[in-house]
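Worksheet: one structure, shown below.
This chain uses plain numbering: 1 for the first residue, then up along the sequence. Computed over heavy atoms, backbone and side chain alike; hydrogens, waters and symmetry mates excluded.
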Amino acid sequence: MNENKVLKTTEYSGVIEYVTHKQFGLANLGITDKTSYDWRNKGVYLQPKKTKFRMKYSPIEYIWLLLVKSLRDFGIPIKSIIELKEFLIAEIDIEGLLMAIHDESGDSDTVILQELSDEIEKLTEEKAGLRNEIAQVEKHVVNSMFTTLIVSTLMKEKEYVLYIKRDGACLIETLGEDKHLTQAFLSEPCLLVYFTQIVRQFLQKEGVEIDNHL
């Protein structure tokens with residue numbers, strides 16, 4: 001297999017660089033140009049189009065569109081998907097995470113988020129200006145919960161399930177951990193999305209292999 005189709009997951013910085021690199025078209029994604037145009041005009045995309053030419057997409061954007069496609073297949077309204085987007089790409093509170101990391105009650109997800117934020121800063125300092133396409137992914141998207149879920153999944157640190165209500169409300173659960181929040185959230189009907197499978201769809205559609213065999 002071509003080297004650029006193999007993703008090495010030994011370092012956070014390398015994975016972050018990969019998922020922010022705009023390199024994929026929509027040919028394999030399974031949505032039409034009209035659907036893509038409509039979604040962009042309605043605010044579904046993670047960031048606005050900045051060129052009149054055909055765009056390339058980062059894995060972050062590609063995986064988001066795969067998630068959107070799945071939600072639309074189940075009848076989740078566009079308005080609700082936009083609400084979900086705002087939740088998933090809200091910029092992480094780094095200061096709050098730093099405080100939590102020193103708190104004995106800080107959980108493993110908080111540790112992962114802190115490590116990711118450190119690696120993002122390191123990548124920014126070391127490779128500023130080296131790859132222009134990375135800069136095209138907006139900072140708040142890179143520093144978001146959604147990107148954290150993708151990187152953590154690719155590195156096989158965690159497996160996540162998203163419980164999504166029809167209004168776009170979302171609960172993120174880590175497989176194998178306490179489900180007391182889930183029980184309260186499930187008092188109303190919701191859609192269960194196995195996030196690892198969405199990431200796998202991206203890898204399969206683009207023929208990407210990773211060294212930990214996700």
Side-chain angles (χ1 to χ4, degrees), residues 1-2 4-7 15-90 132-138 140-142 144-154 159-172 189-210 214:
M1 176 168 288
N2 199 315
N4 64 4
K5 290 287 189 178
V6 178
L7 171 59
V15 179
I16 293 167
E17 181 179 353
Y18 178 81
V19 300
T20 55
H21 180 194
K22 290 177 178 285
Q23 56 187 301
F24 299 103
L26 294 183
N28 297 328
L29 201 143
I31 62 174
T32 65
D33 288 342
K34 181 182 183 306
T35 297
S36 173
Y37 178 81
D38 289 344
W39 286 359
R40 188 178 296 283
N41 282 350
K42 291 176 181 177
V44 169
Y45 274 52
L46 296 183
Q47 58 187 54
K49 188 174 184 179
K50 298 180 180 180
T51 174
K52 64 180 180 180
F53 302 108
R54 188 176 293 275
M55 287 186 62
K56 292 290 186 181
Y57 297 86
S58 68
I60 297 171
E61 297 166 296
Y62 196 116
I63 291 167
W64 166 248
L65 291 175
L66 284 174
L67 176 59
V68 172
K69 185 175 182 295
S70 293
L71 297 179
R72 291 295 291 154
D73 287 345
F74 279 95
I76 301 297
I78 290 291
K79 181 180 178 181
S80 300
I81 289 173
I82 293 171
E83 290 293 324
L84 174 65
K85 180 190 78 170
E86 296 305 316
F87 167 72
L88 290 176
I89 66 168
N132 183 54
E133 60 267 27
I134 293 176
Q136 293 176 18
V137 178
E138 295 176 1
H140 75 282
V141 175
V142 177
S144 69
M145 174 62 73
F146 188 66
T147 299
T148 299
L149 295 177
I150 292 171
V151 173
S152 180
T153 300
L154 286 170
E159 292 189 73
Y160 301 96
V161 172
L162 309 183
Y163 294 93
I164 302 170
K165 292 184 179 178
R166 189 167 177 79
D167 64 359
C170 177
L171 173 69
I172 301 170
C190 63
L191 181 65
L192 184 155
V193 177
Y194 180 41
F195 191 72
T196 301
Q197 186 56 39
I198 300 293
V199 175
R200 281 178 180 156
Q201 282 182 41
F202 155 68
L203 297 172
Q204 291 165 1
K205 284 177 178 291
E206 293 301 330
V208 177
E209 291 185 358
I210 60 177
L214 181 66

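By the 4.5 Å heavy-atom criterion applied to side chains, Val208 and Tyr18 are counted as neighbours. Here the side chains of Ser58 and His21 are not in contact, with every heavy-atom distance at 4.5 Å or above. Two residues are said to be in side-chain contact when any heavy atoms from C-beta on lie closer than 4.5 Å; Leu149 and Leu162 meet this criterion. Between Ser36 and Leu26, some side-chain heavy-atom pair lies under the 4.5 Å cut-off. With a 4.5 Å cut-off on side-chain heavy atoms, Thr147 and Thr20 do not count as touching.
The CD1 atom of Ile89 lies 8.0 Å from the CD atom of Glu138; values are rounded to the nearest 0.5 Å. Atom OH of Tyr194 is separated from atom CZ of Arg200 by 5.0 Å, given to the nearest 0.5 angstrom. Separation of atoms CH2 (Trp39) and CG (Leu65) is listed at 6.5 Å; rounding is to 0.5 Å. Expressed to the nearest 0.5 Å, how far CD1 of Ile76 lies from CG of Asp167 amounts to 9.0 Å. To the nearest 0.5 Å, atoms CG (Leu171) and OH (Tyr160) are separated by 13.0 Å. For the atom pair CD of Glu86 and CD1 of Ile81, the computed distance is 13.0 Å after rounding to the nearest 0.5 Å.
In terms of modelled atom types and a separation under 3.5 Å, the side chain of Lys5 and the main chain of Glu206 share a donor-acceptor contact. Judged by distance alone, the side chain of Ser152 and the main-chain N or O of Thr148 form no donor-acceptor pair under 3.5 Å. For Arg166 (side chain) and Pro77 (main-chain N/O), no donor-acceptor pair under 3.5 Å exists by modelled atom type. The main-chain N or O of Leu46 is never found under 3.5 Å from a side-chain atom of Lys85 such that the two would form a donor-acceptor pair. In this structure a side-chain-to-backbone donor-acceptor pair under 3.5 Å is missing from Arg40 to Val44.
Contact detail for Lys42 and Ile82: the closest heavy-atom pair is O-CD1, 3.0 Å. Considering all non-hydrogen atoms of both residues, Ile31 and Lys69 come closest at CG2-CD, 3.8 Å. Across all non-hydrogen atoms, the minimal contact from Leu84 to Cys170 is CD1-CB, 3.5 Å. Considering every non-hydrogen atom in both Ile63 and Ile150, the closest pair reads CD1-CG2, 3.8 Å.
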| task | Using the side-chain contact (heavy atoms from CB on, under 4.5 Å) rule, take Ser70 and Ile198 through it: C-alpha gap first, then chi angles, then the decisive distance, then the call. | result | CA-CA 9 Å; Ser70 293; Ile198 300 293; 3.7 Å; yes

| field | Check against side-chain contact (heavy atoms from CB on, under 4.5 Å), Leu66 and Lys205 | value | CA-CA 10 Å; Leu66 284 174; Lys205 284 177 178 291; 3.7 Å; yes

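Side-chain contact, Glu83 with Ser80: no donor N or O sits under 3.5 Å from an acceptor N or O. Of the N and O atoms on the side chains of Tyr37 and Asn41, at least one donor lies less than 3.5 Å from an acceptor on the other residue.
Taking the six-membered ring where the residue is Trp, Phe202 and Phe24 present perpendicular rings, their angle passing 60° and hence far from 30°.
For Tyr57 and Tyr62, the ring centers sit 6.0 Å or farther from each other.
Tested against Ile172 for a side chain to side chain contact (heavy atoms under 4.5 Å, CB included), the candidates Val161, Ile164, Leu88 yield a single pass: Leu88.
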